[in-house]
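Just so we're on the same page: letters track the sequence lines, and every chain starts at 1.
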Amino acid sequence: MKLKSQLNKLIKEAFIKAGIDAEPISVSEATQPQFGDYQFNGAMALAKKLGKNPREIAAEILNALDTSTLIQKAEIAGPGFINLWLDHKWVASACKDALSDERVGISKLETPVKVVVDYSGPNMAKQMHVGHLRSTIIGDTLSNLLEFLGDEVIRQNHIGDWGTQFGMLIAYLEESGNEGAEQLCDLEEFYKEAKTRFDADKAFADKAREYVVKIQSGDHHCLNLWQKFIDASLGHCEDVYGKLCVNLTREDVKAESFYNEDLPQVIEDLIQEGLLQESNGAQCVFLEGEEIPVIVQKGDGGYLYATTDLAALRYRANVLHAKRICYVVDARQSEHFRQIFHVAKTSRFVPEDVKLEHVAFGTMMDKSGRPFKTRDGGTVKLIDLLDEAVIRAKDAIKERENYTEEEVEHLARIVGIGAVKYADLSINRESNYIFDWDKMLSFEGNTSLYMQYAYARIQSIFKKHHAAVEGDIIITDALEHQLAVMLLRFEDILERAAEDASPNQITTYLYEMVTLFMRFYEQNPILKEGVDEAIRMSRLQLADLTAKTIKKGLELLGIEVVDRL
RNA sequence: GCGUUCGUAGCUCAGCUGGAUAGAGCACUCGCCUUCUAAGCGAGCGGUCUCAGGUUCGAAUCCUGACGGACGUACCA
């Protein structure tokens, strides 16, 4: 239900009817329940323009406002606010419609676009670590969300499979022979051993350097070794994606190396555009008003990540025909993206109308506010973190009820992984965030378990109620009304979250909505004796819509629900 | 040095397309289970929204500056 735009339409019509020649600002959610459901604050701003008292303007708008359908009551308050109350019956019927709709009342975008979402992007030389968590789940959520709203989403996993360290790694892989494949079980260890060998043995180091050149010149033997290594490494990533319930597959992989062939052409085209300059031996693009150039080719002829990114950008714009390209990458690279977006546009590699976005996010910190590391200062492997989440969740769950071993395993996975993802997604993505096990798994406040718990409670109602659920939704009190309106706001929230690429708007909404439901549920009995049958049916339906909304919301975040908890 | 970004309750965070008395959770105090999951609900306590100016009828939100932190700053990604 696009509540806001429906209200805005009514306001706009009132403006026309009242002869006010201005574009009204959007209505907003009422700041407090006593001010209704929505408020229009645009009258005050018009005072100067129209040379009238704001309350007078508000009165004119009010007089012209159609209150025959969704608006039940409108009042002027304070200096010129217009408070809007939605009609009980209209709200009830809209909820009923949402309930019978597979998409819980969320329509598809009228003008969907093709969007590339670039996320995760692990380096194949090493195992995924905690630093990859945010990109992976924020990107996945954004993809799910845009897809659900109707955009055509192309997920792109820009894996790092190229660079000098691969010479060393494949040389070591070759040396290890058949055992090599087994040793790849632990990439960190493998990397360390290869590095030790590299530093200690000059002949090995020479061979490693030779292999770098050989891969790059297309040598079959070396490319085979390289491919074997990449396959194993990607397998590790897929384990992580599986555990995280992230929708990334091999089909989404478009590795760095994919763009290799285009790199000389990128340089050539930049020359054609007259953008390239040599500086200290390197090929650079100097942007207007900026001191530091974008280096696209090193003095030794090698290419850099800026070059690859430019190639990727134009592939996405011109071959994939994306109209919006989102890079879900650490905020520390914002300078880099600002520059290459600039170059991509001025070089006309990417058409003017393509939106380029750096969906930046902050760093994950430990409890003391330092970047998240292991005790001995190493990086924390993502797979280890996820396993620990499941173990901790298991401890928290097992004594709650008489679960079988199997049930505990199943629940712990859903609860533990959900907790990690939710904790991350519920933080405004641009700020750094403190990773805190206790908070995450305490299951209080705005956590995944609170939502999962509410969902399970609702399912338990339906387990006890066997008869058919039918009839109208009847709104009997203020809390019920608030909950119903809140449920109808879901679409507005999703659209805004998609526009801003910020998952935490979804979590904030879910938390507020579920809190309302919990209050409603405390206050308004459903199955208890003495509840009028029609009211019971109505409340069952509100509970059902609440559950469906929780489920859909969590699903977009890649978090599962369970019927019993 | 320059640039980016952040600074909201004891702690962790929302709110930031300008609107009415700045919101949650944790912690602390108190209350609510003889039938719908108490991993819940209610009440209380807690604020110079870092500071100083400016724009505005109105600023946590926009602008300028200061202070404090984080990050970035030419051949790594």
- Message: So, taking the atom named CD1 in A:Ile11 and the one named OG in A:Ser5, what distance separates them when rounded to the nearest 0.5 Å?
- Response: 12.5 Å

Describe the nucleic acid contact of [X] in one word from base, sugar-phosphate, nothing, applying a heavy-atom distance below 4.0 Å.
| X | value |
| --- | --- |
| A:Ser426 | nothing |
| A:Ala47 | nothing |
| A:Ile295 | base |
| A:Gly160 | nothing |

Could you work out the separation of [N] and [M] based on their [atom1] atoms and round it to a whole Å?
| N | M | atom1 | value |
| --- | --- | --- | --- |
| B:G19 | B:G15 | C1' | 14 Å |
| B:U12 | B:U48 | C1' | 22 Å |
| B:C63 | B:A24 | P | 28 Å |
| B:A59 | B:U64 | C1' | 15 Å |
| B:A14 | B:G23 | C1' | 7 Å |
| B:A20 | B:A60 | C1' | 15 Å |
| B:U8 | B:C13 | C1' | 10 Å |
| B:C57 | B:A43 | C1' | 37 Å |

Nearest whole angstrom, please: distance from the [atom2] of [N] to the [atom1] of [X].
| X | N | atom1 | atom2 | result |
| --- | --- | --- | --- | --- |
| A:Asp424 | B:C13 | CG | C1' | 14 Å |
| A:Leu276 | B:A74 | CG | C1' | 14 Å |
| A:His358 | B:U5 | NE2 | P | 13 Å |
| A:Leu46 | B:U56 | CG | C1' | 15 Å |
| A:Lys126 | B:A77 | NZ | P | 14 Å |
| A:Glu290 | B:C2 | CD | C1' | 12 Å |
| A:Ile414 | B:A39 | CD1 | C1' | 17 Å |
| A:Lys367 | B:U12 | NZ | C1' | 10 Å |

- Query: Is the glycosidic torsion of B:C57 within 90° of 0, making it syn, or is it anti?
  - Reply: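 Judged by the O4'-C1' to base torsion, B:C57 sits in anti, the angle falling more than 90° away from 0.
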
- Are A:Phe341 and A:His358 close enough that their ring centers fall under 6.0 Å? no

- Message: For A:Tyr259 and A:Tyr315, I'd like to know if the aromatic rings sit close, meaning centre-to-centre distance below 6.0 Å.
- Response: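 Yes; A:Tyr315 has its ring centre under 6.0 Å from that of A:Tyr259.
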
Nucleotide paired to [N] in any strand shown, Watson-Crick or G-U, under 3.5 Å:
| N | answer |
| --- | --- |
| B:U35 | none |
| B:A24 | B:U12 |
| B:U4 | B:A70 |
| B:G19 | B:C57 |
| B:A43 | B:U29 |

State whether [X] and [Y] are salt-bridged, where the test is any N-O pair (Lys NZ or Arg NE/NH1/NH2 against Asp/Glu carboxylate O) under 4.0 Å.
| X | Y | value |
| --- | --- | --- |
| A:Lys463 | A:Asp563 | no |
| A:Asp544 | A:Lys548 | yes |
| A:Arg536 | A:Glu533 | yes |
| A:Glu290 | A:Arg338 | yes |

- What class does the angle between the rings of A:Phe337 and A:Tyr327 fall in, given that below 30° is parallel, 30 to 60° is tilted and above 60° is perpendicular? tilted

- Task: Any chance you could list the contact pattern along nucleotides 25-38 of chain B? Use B for base contacts, S for sugar-phosphate-only contacts and - for none, protein heavy atoms under 4.0 Å, 5' to 3'.
- Result: SS---------BBS

- Per-nucleotide protein contact string for nucleotides 16-22 of chain B (B base, S sugar-phosphate only, - none; heavy atom under 4.0 Å): -B-BBB-

- Task: Say whether A:Tyr422 and A:Asn446, considering side chains only, have a donor N or O and an acceptor N or O under 3.5 Å apart.
- Result: yes

- Any residue meeting side chain to side chain donor-acceptor pair (under 3.5 Å) with A:Gln277, in chain and number order, not counting sequence neighbours: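 Counting only residues at least two positions away or on another chain, A:Gln277 forms no side chain to side chain donor-acceptor pair (under 3.5 Å).
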
- Nearest-nucleotide comparison on RNA chain B, the residue closer to the 5′ end among A:Ala331 and A:Asn504: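 The residue whose closest nucleotide sits nearer the 5' end is A:Asn504.
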
- Message: Would the base of B:A77 count as contacting A:Thr308 through its side chain, where contact means a donor and an acceptor less than 3.5 Å apart?
- Response: no

- Message: Between A:Thr447 (side chain only) and A:Met440 (backbone N and O only), is there a donor and an acceptor less than 3.5 Å apart?
- Response: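 No: the side chain of A:Thr447 does not pair with the backbone of A:Met440.
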
- Can you check whether A:Tyr327 has a side-chain N or O nearer than 4.0 Å to OP1 or OP2 of B:A77?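 Answer no for this pair, as no side-chain N or O of A:Tyr327 is under 4.0 Å from OP1 or OP2.
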
- Query: Hey, which of A:Met486, A:Met513, A:Arg489 is the one that makes side-chain contact (heavy atoms from CB on, under 4.5 Å) with A:Thr549?
  - Reply: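 Going through the options one by one, the only one that passes is A:Met513.
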
- Nucleotide nearest A:Glu256 (side chain, heavy atoms from C-beta), chosen from B:C41, B:A77, B:A74: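 Of B:C41, B:A77, B:A74, B:A77 is nearest to the side chain of A:Glu256.
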
